[in-house]
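I have placed the structure first, in the form of structure tokens, so that the comments after it can refer back to it.
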Amino acid sequence: MNRYGIEIAVKNAPLLDPEFMPILKFNRSFLATAKKPISIAVERADSQMATCHTFIHGTPEMAEADHYYVNRLVKTILWMKGGFRVYVAGDEDTCAYLKKAYSAGDEQDFDFGYMSDVFEHPFEVLQVDRVPEPKDFPKKMGGHLEGCRIGFDAGGSDRKVSAVIDGESVYSEEVVWFPKVTADPDYHYNGIVAALKAAAEHLPRVDAVGVSSAGVYINNRTMNASLFLQVPKDLFDAKVKDIYIRAITDTFGDIPFEVVNDGDVSALAGTMSLGEPNVLGIAMGTSEAVGYVDKAGRITGWLNELAFVPVDCHPDAMEDEWSHDIGCGVKYFSQDAVIKLAPRASIALDESLSPAEKLKAVQALMANDDPAAAAVYSSIGTYLGHTLAYYYDLYHCKHVLLLGRVMSGKGGDIILNECLRVLHDEYPELDGRILPSLPDEKFRRVGQSVAAASLPELK
């Protein structure tokens, strides 16, 4: 395989996608001949900084390869950690290229606009003599079990709430709601308050509230979330950005609370069930949702939106309809991956079905040990083996907890087994360093809403 003059050798190819070009393989081959040092830093909220020192070729004949490498690198940092300002030191051409690519109307227009909105700051690329030093403010959060707590988990199709006393759930409820198709923010607010009050009725008092919710949250504020997709921007700014803050303080007054991305809460639940930190949680469902708890058991506050992180370097990789970029995780680790691969396995899916129904159709075949369905799940497992080696480079995570509808049933077992095979065969240096697994009964007992309840520390 060759991409921009970089030769890539892949030992294990997905059965149904033999042209798959793992980004880690590209990066390693690229860096083997790149000798010119450059540094890149990305600034996010509260002056936090993600800093990377790397190399390019710096020659006219390798300019395309250099541009592609730094483009994918910056995009990875942006969606892993978030940020609104990129600093570049060591090469003026690289800075000029990134400045053009990450601008309105250019190739990374989506990333440019999204990051500007989330961080409420114009996105910019700056040439500097020396990039800032790395700086992070991870928070020790979760695992607080004492007292009377409420955990709220906001999903796209249902909302869950638990009343918890000293780590034991004394009440839980699950209510169907329709946040993604509702434009009125009062509908969302009233639903949240109703859930909080329902749990409070089963507690002698409320000491703290923890919230697990899909989306991007900075300082407990909603910066972007698919739950509020239909809410107009003016109402989003006026009523949604502080919706959880208002709902909790209006209902209970001045008590401790934390609002955290649901992926991070899944990783926290994994940490609580495993009894160990350094957990990357990957939920493969409608999209690829990811959370991370670091080696010290802290939630980092990073975006961890790996659905938009590139994993495939092939020029004909599938395009994501939202970002219009190609080769990103969402098309490899979600129901979209199953739907993409099914026709290649000669599985005809009824186009009148919803994506979730198409996934169920393939799962039904897999339940009967259909070999075509097995090829779909095996191919996703190959994707995952190569990509977890890349994620290890990014996070140095020890445990990877694999969650979501795509991982359910026999298909999930095939994905995990093939992933482990590829890791052992192609990346033997990672044996024992990264441990992918499926959730066990202990994890299910902890639960998302109970883990959410443990987020705040009591005053």
Side-chain angles (χ1 to χ4, degrees), residues 137-155 158-174 192 195-215 217-220 244-245 247-249 251-281 283 289-302 304 397-399 401 403 439-459:
F137 302 126
K139 297 173 71 174
K140 182 66 177 175
M141 194 184 296
H144 304 294
L145 302 176
E146 75 285 4
C148 299
R149 299 167 171 269
I150 293 175
F152 178 70
D153 177 27
D158 53 60
R159 61 177 195 253
K160 305 177 187 72
V161 71
S162 293
V164 179
I165 300 177
D166 294 330
E168 293 294 325
S169 175
V170 296
Y171 172 78
S172 291
E173 73 169 22
E174 188 171 321
I192 296 165
L196 297 177
K197 288 182 175 179
E201 289 177 1
H202 299 267
L203 295 171
R205 64 184 186 280
V206 177
D207 296 324
V209 176
V211 175
S212 163
S213 185
Y217 298 89
I218 298 175
N219 297 327
N220 296 317
Y244 290 116
I245 298 172
I248 294 166
T249 55
T251 308
F252 303 119
D254 182 21
I255 63 169
F257 64 89
E258 295 285 353
V259 183
V260 174
N261 170 269
D262 59 348
D264 281 339
V265 178
S266 291
L268 173 63
T271 294
M272 292 168 68
S273 65
L274 290 166
E276 285 191 44
N278 205 12
V279 176
L280 189 71
V290 177
Y292 176 57
V293 173
D294 73 8
K295 292 178 182 178
R298 301 170 300 189
I299 290 174
T300 59
W302 302 343
N304 298 316
C397 47
K398 180 180 179 181
H399 298 282
L401 201 59
L403 312 159
D440 58 12
E441 284 306 313
K442 188 175 180 183
F443 175 87
R444 293 185 177 95
R445 284 198 302 274
V446 169
Q448 191 90 349
S449 56
V450 175
S454 80
L455 287 169
E457 185 174 4
L458 297 187
K459 292 179 181 177

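- Residues Phe137 and Thr300 fail the side-chain proximity criterion, which asks for heavy atoms closer than 4.5 Å.
- In terms of heavy-atom proximity, Thr271 sits nearest to Val279 at OG1-CG2, 3.5 Å.
- Closest heavy-atom contact between Gly143 and Leu268: N-CD1, 4.4 Å.
- Counting only heavy atoms from C-beta outward, the side chains of Asp153 and Val265 never approach each other to under 4.5 Å.
- Lys140 is linked by a side chain to side chain contact (heavy atoms under 4.5 Å, CB included) to Arg298, counting only residues two or more places apart in sequence or in another chain.
- Annotation: side chain to side chain contact (heavy atoms under 4.5 Å, CB included) contacts of Asn220 (sequence neighbours excluded): Ile245, Phe257, Glu258, Val259.
- With sequence neighbours excluded, no residue satisfies side-chain hydrogen bond (donor to acceptor under 3.5 Å, both in side chains) with Asp166.
- In this structure, Lys139 and Ile299 have side chains that are not in contact, with every pair of non-hydrogen atoms separated by 4.5 Å or more.
- Ser162 is linked by a side-chain hydrogen bond (donor to acceptor under 3.5 Å, both in side chains) to Ser172, Ser449, counting only residues two or more places apart in sequence or in another chain.
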Inset, instruction - Kindly indicate, with the supporting measurements, whether the criterion side-chain contact (heavy atoms from CB on, under 4.5 Å) is fulfilled by Leu401 and Ser266. - result: CA-CA 9 Å; Leu401 201 59; Ser266 291; over 6 Å; no
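- Proximity of Met272 to Leu145: side-chain heavy atoms (C-beta onward) are separated by under 4.5 Å at one or more points.
- Put simply, the side chain of Leu203 does not reach to within 4.5 Å of the side chain of Val164, judged on heavy atoms.
- Across every non-hydrogen atom of Val206 and Ala200, the tightest pair is CG2-CB, 3.9 Å.
- Every side-chain hydrogen bond (donor to acceptor under 3.5 Å, both in side chains) that Ser213 has, sequence neighbours left out, goes to Tyr217, Tyr244.
- Note that the CG atom of Leu280 and the NE2 atom of His399 stand 12.0 Å from one another [nearest 0.5 Å].
- Using a 4.5 Å heavy-atom threshold, the side chains of Phe152 and Arg159 count as touching.
- Applying the salt bridge (charged side-chain N to carboxylate O under 4.0 Å, His left out) test to residues at least two apart or on different chains, the pairs with a partner in residues 270-279 are Glu276-Lys398.
- Scanning for salt bridge (charged side-chain N to carboxylate O under 4.0 Å, His left out) contacts around Glu457 gives an empty result, with sequence neighbours left out.
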Legend entry - side-chain contact (heavy atoms from CB on, under 4.5 Å) between Val211 and Val260, intermediate numbers included: CA-CA 6 Å; Val211 175; Val260 174; over 6 Å; no
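- Applying the ring pair (Phe, Tyr, Trp, His ring centres under 6.0 Å) test to Tyr292 and every residue at least two apart in sequence or in another chain returns Trp302, Tyr395.
- Taking each heavy atom of Ala199 and Ala163 in turn, the nearest pair found is O-CB, 3.5 Å.
- Applying the ring pair (Phe, Tyr, Trp, His ring centres under 6.0 Å) criterion to His202, with sequence neighbours excluded, gives Tyr171.
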Inset, instruction - Show your working on side-chain contact (heavy atoms from CB on, under 4.5 Å) between Asn278 and Val293 and close with a plain yes or no. - result: CA-CA 5 Å; Asn278 205 12; Val293 173; over 6 Å; no
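- Between atom CD1 of residue Ile165 and atom CZ of residue Arg205 there is a gap of 8.0 Å, rounded to the nearest 0.5 Å.
- The closest side-chain heavy-atom distance from Asn304 to Asn261 is not below 4.5 Å.
- Side-chain contact between His144 and Leu455: absent, with no pair of heavy atoms (C-beta onward) separated by less than 4.5 Å.
- By the side chain to side chain contact (heavy atoms under 4.5 Å, CB included) test, Ala283 is found to be paired with Ala289, Leu403, residues two or more places apart in sequence or in another chain being considered.
- For Leu458, the side chain to side chain contact (heavy atoms under 4.5 Å, CB included) partners are Glu146, Arg149, Asp207, Ala208, not counting sequence neighbours.
- Legend: residues meeting side-chain hydrogen bond (donor to acceptor under 3.5 Å, both in side chains) with Asp262, ordered by chain and number and at least two apart, are absent.
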Legend entry - Steps toward side-chain contact (heavy atoms from CB on, under 4.5 Å) verdict (Asp254, Thr249): CA-CA 6 Å; Asp254 182 21; Thr249 55; over 6 Å; no
